[in-house]
**Q** 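One structure follows; several queries about it will come next.
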Amino acid sequence: MQKGGKGATYSSERFAGTLNAPHRAFLWSVGLDPSDIGKPLAGVVVAWSESGPCNFHTLNLIGYVKQGLRETGCVGLAMPTIVVNDNISMGTDGMRYSLVSREVIADSVEAQIVAHAYDGFVGIGGCDKTQPGLMIAMARLNRPSIYMYGGSAEPGFIGDKKVTIEDVHEYVGAHLRGKATEQELLQVEMVAHPTYGACAGLFTANTMALLSEALGLALLGSSSPTATSSRRAIYAYETGKALGRLFENGIKPRDILVYEAFRNAATVLMASGGSTNGILHLLALAYEAGVKFTLDDFDEISRRTPYIMSMRPAGEYVMMDLDRVGGAPLLLKKLLDAGLIDGDVLTVSGKSLGQGLKEYRLPNVPHDHIVRDVHNPIKKTGGIKILRGTLAPEGAVVKTAATGVTRFEGTARVFDDEDPAFEAVRRGEVKEGEVLVIRYVGPKGAPGMPEMLRVTAALSGAGLGESVAMVTDGRFSGATRGIMVGHTSPEAAAGGPIAFLRDGDRILIDTEAGRLDVLVPLEELEKRKASIKIKPPKATSGLLAKYASLVTSASMGAVTLPRL
Ligand code: FES
């Protein structure tokens with residue numbers, strides 16, 4: 001039995017030598033043999049679940065990763081982590097577990113990798129939170145590791161009209177207002193998500209997949225092939241081999257996750273018009289990597305980055321279309337050539353991002369309809385703006401890519417949860433010129449900062465997407481469209497100004513100026529502060545209550561901090 005091969009840092013301690021015979025005995029039971037001791041031991045962590053299509057297929061990729069590991073002199077053993085499916089939990093109490101699951105996933109990876117002395121791991125994700133959860137675990141453990149996306153679904157079609165899950169949500173809104181029949185809704189429902197894989201548009205899952213390449217944590221080109229593409233198997237195999245090389249050269253996640261890598265990822269987020277959840281997850285990942293990266297960085301990067309990619313929900317195309325024209329490397333190359341990202345950062349390939357892009361062969365096909373030139377952008381500045389003001393002293397976010405409106409002043413209609421707001425939209429009580437305020441749905445208050453897609457889609461479906469705004473301390477789905485301001489911080493449950501709003505207050509949203517203000521005299525707000533009692537978190541036991549006691553503000557990425 002060899003002892004302590006290169007990269008076998010943790011496994012050799014646990015499995016080599018006479019005294020480790022009891023530990024080793026269990027390895028023989030799972031198919032290893034004495035020649036495996038001393039080789040790097042890699043976990044293949046798979047977020048898998050049959051609860052929805054997003055991670056339905058990920059187990060199938062394990063064998064290819066293991067084969068790649070074997071061929072580079074390593075041993076791979078697989079293990080699962082959980083999935084909370086965003087679409088199935090959307091608009092229900094289940095959605096409160098979505099962001100929480102990011103922490104559960106990171107914690108579960110830590111527990112399994114450390115407890116069993118793995119030297120590093122490949123993380124395979126799919127649905128929204130599985131991806132940042134796995135990446136956070138990489139940063140936390142800082143053992144050689146690579147992320148791989150399981151791929152998104154193919155879009156559905158009605159005639160030649162492309163449809164995705166976002167259409168089903170919006171058809172519900174249209175049906176509620178008598179603008180679509182039950183039959184039309186059923187037709188969309190039946191075809192919207194025709195294969196396994198994550199949501200097809202540039203919602204949160206595909207956003208995080210693009211960011212995994214921009215950060216350098218995933219192989220170039222690996223995010224855009226659909227879940228059904230045979231290239232998934234090739235990328236899984238190559239990912240296994242690449243981890244083998246990382247063991248050899250000793251590159252660890254924190255060598256990759258440096259400040260410039262976060263700037264690159266934030267630039268891709270802004271240029272692509274990706275999900276606002278990308279901000280929350282990059283903040284949390286930077287925290288875990290020990291990198292100071294704040295909302296101010298996003299603000300500055302948003303101002304200097306043109307929005308150039310036309311993907312749903314803001315544009316027309318889906319990930320499968322982006323894949324045909326070159327995937328993330330096409331976007332990265334355009335940004336690199338324009339001097340908007342840093343090509344010197346290291347990636348999991350062992351090469352710099354710039355070198356990797358130089359060697360990457362892009363297809364020679366027209367692509368301007370999906371990814372434009374930086375000098376001919378859809379908008380001159382980034383797809384997400386950071387807002388600050390009397391209603392959000394610590395910041396709020398708005399996806400400017402998903403609306404044509406840059407300034408909105410309206411009258412507040414205040415709700416302390418999502419359900420009553422949805423009911424008001426359903427009953428047709430919400431009128432043009434109003435700002436729907438949904439509060440006590442932040443990280444601590446909800447707890448778990450649910451997404452408000454059910455309400456925003458109902459507004460869009462009712463034709464109110466550009467005439468009614470929303471301000472919330474909750475989150476939005478990547479599929480949300482309209483003048484929707486989220487992550488308002490501090491949240492209501494932490495005593496933020498949003499807690500002191502009343503029906504009839506005037507609210508100003510100015511995305512050009514980066515402002516979110518309540519047009520009420522400060523003395524009046526102070527008076528209300530003294531008389532209004534802040535409501536406690538809505539959970540008193542179980543996981544959500546534990547989470548509420550540890551979670552920080554959305555402006556910090558809603559990370560959980562131990563109370564020692
Ligand atoms: Fe899983 Fe959209 S619900 S990726």
Side-chain angles (χ1 to χ4, degrees), residues 46-59 61 81-92 94-102 104-105 123-135 147-156 162-170 172 188-189 191-212 218 222-229 232 272 274-278 280-281 311-314 318-320 322-323 399 402 448-454 456-457 475-481:
V46 190
W48 171 79
S49 168
E50 289 186 332
S51 300
C54 318
N55 294 62
F56 188 82
H57 59 299
T58 46
L59 288 185
L61 298 167
T81 187
I82 68 153
V83 181
V84 168
N85 189 284
D86 271 31
N87 184 58
I88 289 178
S89 54
M90 191 68 70
T92 72
M95 190 15 95
R96 293 169 206 268
Y97 289 88
S98 163
L99 187 59
V100 176
S101 74
R102 184 187 76 185
V104 175
I105 289 165
I124 302 176
C127 201
D128 300 7
K129 308 307 170 294
T130 61
Q131 304 191 66
L134 288 164
M135 291 185 226
Y147 176 72
M148 197 190 101
Y149 185 40
S152 58
E154 297 173 20
K162 221 172 265 166
V163 289
T164 69
I165 191 66
E166 167 204 8
D167 294 283
V168 185
H169 287 276
E170 294 193 0
V172 170
V188 181
E189 174 193 330
V191 301
H193 200 104
T195 70
Y196 53 78
C199 293
L202 188 59
F203 312 148
T204 304
N206 280 333
T207 298
M208 292 313 298
L210 289 185
L211 299 188
S212 70
S222 63
S223 62
S224 57
T226 58
T228 51
S229 165
R232 280 280 141 228
S272 63
S275 165
T276 48
N277 283 317
L280 207 58
H281 300 324
M311 298 257 297
R312 283 181 165 226
V318 298
M319 197 65 151
M320 193 167 82
L322 179 67
D323 187 54
K399 187 168 171 177
M449 204 183 180
E451 293 178 353
M452 300 291 127
L453 177 63
R454 194 168 57 130
T456 60
R475 292 183 297 132
F476 294 120
S477 156
T480 285
R481 291 194 287 173

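Along the sequence shown, residues carry numbers from 1. All values below come from the heavy atoms of this structure, side chains included, with hydrogens, waters and symmetry mates left out. Ligands are counted one by one from 1 in listed order, and the atoms in each one are counted from 1 as well.
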**Q** Indicate whether any N or O donor in one side chain lies under 3.5 Å from an N or O acceptor in the other, for N206 and Y149.
**A**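 A pair is found: one side chain offers a donor N or O, the other an acceptor, under 3.5 Å apart.
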**Q** Show me which atoms of ligand 1 lie under 4.0 Å from any heavy atom of A205.
**A**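 Every atom of ligand 1 under 4.0 Å from some heavy atom of A205: 4 (S).
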**Q** Do N87 and H193 have side-chain N/O donor and acceptor atoms under 3.5 Å apart?
**A**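 No pair is found: no donor N or O on one side chain lies under 3.5 Å from an acceptor on the other.
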**Q** Which of the numbered atoms in ligand 1 are below 4.0 angstrom from a heavy atom of C127?
**A**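 Reading through ligand 1 atom by atom, the close ones are 1 (Fe), 3 (S), 4 (S).
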**Q** Show which atoms of ligand 1 fall inside a sub-4.0 Å distance from at least one heavy-atom site of A198.
**A**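 The atoms of ligand 1 under 4.0 Å from a heavy atom of A198 are 4 (S).
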**Q** Is the shortest side-chain heavy-atom distance between M148 and S212 below 4.5 Å?
**A**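 In short, these two side chains do not touch, never coming nearer than 4.5 Å.
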**Q** Please determine, by modelled atom types, if T228 and E154 share a side-chain donor-acceptor pair under 3.5 angstrom.
**A**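 The answer is yes; a qualifying pair exists.
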**Q** Verify whether one side chain among S98 and K129 offers a donor that lies under 3.5 Å from an acceptor in the other.
**A**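 Note: S98 and K129 side chains meet the donor-acceptor criterion.
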**Q** Does one side chain, of H281 or R102, offer a donor that lies under 3.5 Å from an acceptor on the other?
**A**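 Per modelled atom types, H281 and R102 side chains form a pair under 3.5 Å.
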**Q** So if I count the atoms of ligand 1 from 1 in the order they appear, which ones are less than 4.0 Å from some heavy atom of D128?
**A**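 In order of numbering, the contacting atoms are 2 (Fe), 4 (S).
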**Q** Looking only at protein heavy atoms, which one is nearest to atom 3 (S) of ligand 1, and how far off is it?
**A**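 Here the closest protein heavy atom is N87 N, 3.3 Å.
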**Q** Strictly under 2.8 Å, is any N, O or S atom of C199 next to atom 1 (Fe) of ligand 1?
**A**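 False for C199.
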**Q** Quick one: look at C54 and ligand 1, take heavy-atom pairs under 4.0 Å, and tell me if it's side chain, backbone, both or neither.
**A**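 Side chain only; the backbone of C54 stays clear of ligand 1.
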